Amino acid sequence: MNTSLIGLIDLNNFYVSCERVFDPKLWGRPVVVLSNNDGACVARSQEAKALGIAMGVPWFQVAPLQHSHGLIALSSNYALYGRLSQRIAAIIRSHVPQQEIYSIDESFVDLSGIADPNTLATQLRQKILDWTHIPSCIGIATTKTRAKLANHIAKTHPEFQGVFNLESCTPQWQENIFRHMDVQEVWGIGRRMAKRLQNLGIHSVFDLYKANPHELHHQIGVVLARTILELQGKPCLNLHTQPVPQQQMVVSRSFSGLVTHINELKSALLQHTCRAAEKLRQRGLVTPALIVFAHTHPFRTQDPQYHGHCMVPLVTPSQDTLQLVQAAVQGLKQMYRPGYRYKKAGVMLPDLRPCHEQQSDWLDPGTSCQRQSLMQTLDQINQRFGQKTLVPASTLNTRRVAMRRDRCSPNYMGKWDEIFSVSCDQDFLRTW
DNA sequence: TCTGGGGTCCTAGGACCC
DNA sequence: TCTGGGGTCCTAGGACCC
């Protein structure tokens with residue numbers, strides 16, 4: 001039987017790398033990409049990491065580095081990152097038989113039975129770089145958890161030139177590497193679990209690798225036991241080459257300031273509801289209910305706190321914007337409490353099902369067909385003329401709340417009027 | 001002044017049933 | 001006096017991921 005071999009392709013500092021593709025001035029400079037509302041740093045260039053900027057750190061804490069160290073901060077441009085991610089996924093797919101797209105910047109691939117996986121990985125990495133200018137690292141090992149570790153080694157040791165195969169090392173060498181890595185580097189071990197493990201005397205990856213999975217299963221849980229087995233080279237996590245059916249959907253945003261008026265909450269919630277319904281239709285899903293929620297600012301401990309939510313069941317599972325908007329308004333009325341300063345609001349759609357499994361409303365089948373074609377038309381118009389060209393009237397009669405996004409790059413790959421352009425003079429053209 | 005958004009999985013405990 | 005045991009389902013909360 002062939003032993004399985006898994007590769008993990010991880011795009012380096014992905015959001016920053018995407019911005020650099022279109023703006024060479026960003027090369028060699030410390031750069032961060034900020035979360036929505038320009039709140040926190042969610043991606044950092046190597047130079048920014050070297051300045052000690054941690055993942056998720058609030059922007060205001062590091063903003064002084066702009067003047068002292070030339071730090072550049074950009075608002076996140078997910079439309080751009082999504083397009084580049086799709087391109088790279090297609091390049092990977094053309095090189096390997098099986099691919100699991102794990103996140104916007106990571107893919108697991110099946111390298112079992114490939115004669116020279118290291119060479120294939122090196123070629124693939126080079127092609128991604130040549131075709132998109134996005135640097136990446138590839139870790140190779142017998143399980144996903146080990147491939148993650150191998151990737152980490154590839155990232156942190158430039159001498160391996162971006163590709164590291166854990167299985168080409170001797171067991172002694174592997175153990176030596178594991179001894180020098182903190183247990184929190186292991187995929188699935190977060191801050192809290194690391195703390196619990198430290199109390200049990202498990203500090204390094206090596207300590208966890210040598211631990212008894214059955215004992216820790218009883219002491220802590222099955223997730224940890226699986227992690228240990230994976231670390232020891234016994235696969236517990238399969239490659240998901242087919243997309244896993246989505247169970248729930250959340251669309252939510254923080255406000256850039258604090259919101260008190262019900263109409264401001266309504267504006268945000270209805271925008272989120274329209275977006276959620278659109279995503280349902282894109283993914284061919286229906287929801288049996290809609291949950292609206294809003295809460296106050298958790299860091300403002302001096303303010304009274306409130307976490308409100310309300311579930312509104314639908315008559316039949318739906319992906320219809322107008323039905324969902326109606327449910328959201330109903331939920332908001334029940335959930336809203338005056339006198340609080342709200343920081344965030346959103347909608348959740350639970351228990352999603354494919355729409356082909358949906359039972360139509362037998363009391364009124366004609367109307368549901370008409371509504372389907374109405375929604376198709378809505379999507380087509382918005383796709384052709386831009387998002388929010390056609391919206392339900394009820395979303396207009398509200399106080400709008402804007403999101404802060406002061407440092408955003410253009411949508412170079414998604415909008416004609418923002419497309420990347422190159423200009424050059426006549427002399428230059430004559431040289432061609 | 002200023003702290004993201006979108007997911008998954010697991011577990012414990014309560015309600016309920018026979 | 002004395003009050004079972006085993007199963008399922010649901011939900012909330014915790015932990016983790018990118």
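Keep in mind the model is a prediction, meaning the values are calculated, not measured. A note on names: the letters A, B, ... follow the listed sequences, proteins ahead of strands, and every chain is numbered from 1.
In DNA chain C, consecutive stretches of 3 or more Watson-Crick or G-U wobble pairs with both distances under 3.5 Å are given as paired ranges: B:5-18 with C:5-18.
Rounded to an integer number of Å, the gap from NZ of A/K195 to C1' of C/dG14 is 18 Å. Regarding A/N151, its CG atom lies at a distance of 13 Å from the C1' atom of C/dC18, rounded to whole Å. Rounding to whole angstrom units, CD of residue A/Q247 and P of C/dC17 are separated by 19 Å. Atoms CG (A/D351) and C1' (B/dT8) sit 14 Å apart, rounded to a whole Å. If you measure from atom CD1 of A/I53 to atom P of B/dC2, you get 21 Å, rounded to the nearest angstrom. Atoms CZ (A/F299) and C1' (B/dT1) sit 15 Å apart, rounded to a whole Å. For the pair A/L216 CG and C/dA15 P, the interatomic distance rounds to 17 Å; values are reported in whole Å. One interatomic measurement links the two molecules: OH of A/Y78 to P of B/dG4, which rounds to 11 Å at whole-angstrom precision.
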Full working for side-chain hydrogen bond (donor to acceptor under 3.5 Å, both in side chains) between A/Y81 and A/E19: CA-CA 8 Å; A/Y81 314 149; A/E19 298 288 350; 2.6 Å; yes

Derivation of the side-chain hydrogen bond (donor to acceptor under 3.5 Å, both in side chains) call for A/S45 and A/N13: CA-CA 6 Å; A/S45 70; A/N13 315 327; over 6 Å; no

Are A/K155 and A/E185 close enough, and set up right, to give a salt bridge (Lys or Arg N to Asp or Glu O under 4.0 Å), and what steps lead you there? CA-CA 12 Å; A/K155 274 226 166 74; A/E185 300 295 350; over 6 Å; no

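Using a 4.0 Å heavy-atom criterion, one finds that A/D38 contacts no nucleic acid atom at all. Contact annotation for A/I189: backbone-only contact, meaning every heavy-atom pair under 4.0 Å involves sugar-phosphate atoms and none involves a base. Within 4.0 Å (heavy atoms only), A/R283 reaches sugar-phosphate atoms of the nucleic acid but no base atom. Across all strands shown, A/V244 has no heavy atoms under 4.0 Å from either base or sugar-phosphate atoms. Using a 4.0 Å heavy-atom distance criterion, A/E106 is classed as a sugar-phosphate-only contact. Heavy atoms of A/V222 sit under 4.0 angstrom from primed sugar atoms or phosphate atoms, though from no base atom.
For the residue pair A/L111 and A/V96, the shortest heavy atom distance occurs at CD2-CG1, 4.2 Å. A/L166 and A/A141 get closest at one heavy-atom pair: CB-CB, 4.1 Å. Of all heavy-atom pairs spanning A/P350 and A/T287, the tightest one is O-OG1, 3.4 Å.
Residue ring and base: A/Y102 does not count as stacked with C/dC18 (centre distance below 5.5 Å and interplanar angle below 30° not both satisfied).
Closest-nucleotide positions on DNA chain B for A/I220 and A/Y15 were compared, and the one nearer the 5' end corresponds to A/Y15. Both A/G221 and A/Q61 lie close to DNA chain B; mapped to their nearest nucleotides by heavy-atom distance, the more 5′-ward contact belongs to A/Q61.
Nearest to the side chain of A/P58, among B/dT8, B/dG5, B/dT3, sits B/dT3. If you check B/dG6, C/dC18, B/dT8 against the side chain of A/Q248, the one that comes closest is B/dT8. Taking only side-chain atoms of A/S254, from C-beta outward, the nucleotide of C/dA15, B/dG4, B/dT3 with the closest atom is B/dG4. Looking at the side chain of A/Q246, the nearest of the listed nucleotides B/dG7, C/dC16, B/dG4 is B/dG7. Taking the side chain of A/V251 as heavy atoms from C-beta on, and the options B/dC9, B/dG6, C/dC16, the nearest nucleotide is B/dG6. For A/W187, taking side-chain heavy atoms from C-beta onward, the closest of the listed nucleotides B/dG5, B/dC2, C/dC18 is C/dC18. Looking at the side chain of A/H297, the nearest of the listed nucleotides C/dC16, B/dC9, B/dT3 is B/dT3. If you check C/dC16, B/dG7, B/dT3 against the side chain of A/V250, the one that comes closest is B/dG7.
In A/K333, the NZ atom is not crowded: 12 or fewer heavy atoms of neighbouring residues, nucleotides or ligands sit closer than 6.0 Å.
Within the structure, a side-chain polar atom (N or O) of A/R253 is placed less than 4.0 Å from OP1 or OP2 of B/dG6. The side chain of A/K148 places an N or O atom within less than 4.0 Å of a non-bridging phosphate oxygen (OP1 or OP2) of C/dC18. Listed pair A/K343 / B/dT3 meets the phosphate criterion, a side-chain N or O lying under 4.0 Å from OP1 or OP2. Dashed line: the shortest gap from a side-chain N or O of A/S252 to OP1 or OP2 of B/dG6 is under 4.0 Å. Checking the phosphate oxygens (OP1, OP2) of B/dC10, a side-chain nitrogen or oxygen of A/R226 falls inside 4.0 Å.
The closest side-chain donor-acceptor pair between A/T122 and A/Q161, if any, does not fall under 3.5 angstrom.
The aromatic rings of A/W187 and A/F108 sit tilted relative to each other, their planes meeting at an angle between 30° and 60°. Ring pair A/Y340/A/Y306 is parallel by interplanar angle, where below 30° counts as parallel and above 60° as perpendicular.
Separation of the P atoms belonging to C/dC18 and B/dT3 is 24 Å when rounded to the nearest angstrom.
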